[in-house]
Amino acid sequence: VKGVVEGSIPDYQASALLMAICLKDMDEEETLNLTMAMVASGDQIDLSEIPGIKVDKHSTGGVGDKTTLILGPIVAACGVPVAKMSGRGLGHTGGTIDKLESIPGFNTELTRDEFIKAVKANGIAVVGQTGNLVPADKKLYALRDVTGTVRSIPLIAASIMSKKLAAGADAIVLDVKTGSGAFMKTVEEAKSLARAMVKIGNGAGRRTVAVVTDMDKPLGNAIGNALEVKEAIEVLSGKGPQDITEICTTLAGKMLDLAGKGDFKSCKAQAEEAIRNRSALEKLKLMIRSQKGLEDVVNDTNLLPKASYVKEYLAPEGGYIESMVSDRLGVASMLLGAGRATKESQIDPAAGITLLKKPGDRIEKGEAMMVLHANNPELFEAAVKEIDKAVRISSQKPADLPLILDIIE
Ligand code: URA
């Protein structure tokens with residue numbers, strides 16, 4: 001790993017090793033050793049100045065996944081410090097940093113000292129990645145991308161866990177998503193990845209738990225940056241959609257459990273109470289104030305950026321909505337301006353999609369199924385074409401699948 005980062009091992013040799021791993025797999029010990037070597041390739045964040053057990057959370061990406069915006073404030077309101085580094089979105093998946101930056105003025109670029117100070121003062125701060133964390137992953141991921149070796153469970157597990165371990169938390173809760181909108185398309189694949197990551201975390205001396213959750217349909221009703229912030233505020237006000245509320249109180253319950261706040265059942269109840277008594281909403285407001293954002297958005301979501309044009313997407317036929325392929329909706333949202341086609345693309349914070357109906361709902365022909373938001377009306381046509389491919393309507397009501405598919409300790 002050192003040789004790959006320094007450049008003394010040429011790319012063709014590293015690529016051959018990656019292909020060998022992809023074809024032959026790695027055992028638990030090899031995967032842990034690779035991960036620890038990757039962690040050691042760059043900076044490691046020291047959070048020991050912050051008192052208490054610091055618990056981090058990672059979601060394996062998704063469409064409409066605003067869980068960090070919701071569970072960060074919940075966990076902080078329950079007395080567990082949240083020192084979170086998050087990423088930006090790429091392609092059809094969104095990123096927490098882009099979502100937070102849709103709040104006017106919100107600063108995600110704190111120095112290390114400002115970050116630690118904010119967590120000590122307020123119990124929570126969410127920032128973009130600082131420092132040179134895991135340069136080995138940047139190098140190896142780029143090679144994996146061009147050699148068709150991304151889809152290897154030990155390589156994915158080492159890539160994700162090296163970044164989590166370098167970010168310095170004492171314990172880690174993983175939200176491993178499965179389904180059409182996720183990296184892992186089947187439940188079995190998601191469970192294997194979850195097991196591999198839990199073994200790495202525990203092997204590295206950090207208590208780690210994974211929750212396998214369904215991403216076959218988008219989470220909540222909003223896709224797009226400001227639209228998702230608005231929905232997160234609604235969830236923290238106790239008025240959000242049931243699916244995202246349930247996932248967030250489950251993940252928050254697991255984080256509190258790892259931080260020693262009681263057993264899972266009582267921790268989940270504490271998370272629910274933080275929504276009911278509005279202490280989590282107050283934490284969000286405090287975090288926004290501390291990071292120089294417009295805190296009034298919490299009381300009045302009309303202050304968030306709004307698109308100049310909206311268009312309803314109408315049901316092409318009547319029946320039950322059988323499926324909405326989430327990654328296609330993610331692509332449609334990106335085409336409206338909410339996402340980045342390439343790393344360099346600019347995003348439009350106001351753009352995106354609001355779902356008025358979800359899989360399992362009945363709909364009449366011509367009834368509005370979603371609302372598209374854009375600042376350029378010419379973007380609607382391509383997005384609608386993508387949504388046409390995402391939606392399937394049937395005469396039969398589809399089976400209701402559970403949201404939480406497994407918990408791996
Ligand atoms: N996310 C990562 O960070 N790494 C992978 O290899 C796959 C998804």
Side-chain angles (χ1 to χ4, degrees), residues 1 4-5 14-15 17-23 25-26 30-39 41-45 56-63 65 67-68 84-98 128-169 172-186 189-201 204 206 208 210-213 215 326-327 330 339-340 342-343:
V1 168
V4 169
V5 175
S15 301
L17 174 66
L18 292 169
M19 186 58 82
I21 293 171
C22 198
L23 296 174
D25 218 343
M26 283 202 295
E30 290 165 335
T31 309
L32 178 61
N33 288 340
L34 172 65
T35 310
M36 297 316 282
M38 290 171 70
V39 172
S41 71
D43 298 343
Q44 295 176 54
I45 310 288
D56 200 355
K57 162 259 164 193
H58 177 79
S59 284
T60 59
V63 175
D65 180 1
T67 49
T68 297
K84 181 110 192 78
M85 283 192 183
S86 288
R88 294 188 184 276
L90 185 60
H92 74 278
T93 60
T96 302
I97 292 301
D98 296 323
Q129 229 183 58
T130 59
N132 183 28
L133 292 198
V134 200
D137 182 60
K138 294 190 184 84
K139 179 85 200 190
L140 291 173
Y141 195 90
L143 289 177
R144 287 164 62 204
D145 201 20
V146 292
T147 55
T149 54
V150 168
R151 300 194 65 82
S152 147
I153 285 185
L155 291 179
I156 297 171
S159 165
I160 293 174
M161 288 305 290
S162 59
K163 289 173 282 195
K164 287 287 108 184
L165 295 173
I172 300 159
V173 173
L174 301 162
D175 171 16
V176 182
K177 297 187 180 296
T178 177
S180 66
F183 212 63
M184 298 284 112
K185 303 289 176 204
T186 69
E189 269 184 317
K191 285 187 188 179
S192 300
L193 177 63
R195 277 192 290 269
M197 293 197 289
V198 167
K199 282 179 185 160
I200 294 171
R206 319 273 181 99
T208 304
V211 182
V212 180
T213 64
M215 232 313 153
S326 346
D327 43 9
R340 284 186 187 81
T342 70
K343 266 193 189 137

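Order of appearance sets the numbers: ligands from 1, and atoms from 1 within every ligand. Predicted model only: the values in this text are computed from it and were never measured.
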Distance-only polar pair, side chains of D137 and S162, donor-acceptor under 3.5 Å: no
Non-hydrogen side-chain atoms of R340 and R88 separated by less than 4.5 Å: yes
Mind listing the N or O contacts between ligand 1 and protein, cut-off under 3.5 Å?
from	atom 1	to	atom 2	distance (Å)
ligand 1	3 (O)	K163	NZ	2.5
ligand 1	4 (N)	S159	OG	2.6
ligand 1	6 (O)	R144	NH1	2.9
ligand 1	6 (O)	R144	NH2	2.9
ligand 1	6 (O)	S159	OG	3.4

Salt-bridge contact D175-K57 (side-chain N to carboxylate O under 4.0 Å): no
From I200 atom CD1 to L32 atom CG, the distance as rounded to the nearest 0.5 Å: 7.0 Å
Side-chain heavy atoms of T208 within contact of L174, under 4.5 Å: yes
Ion pair check, R206 and D56, cut-off under 4.0 Å: no
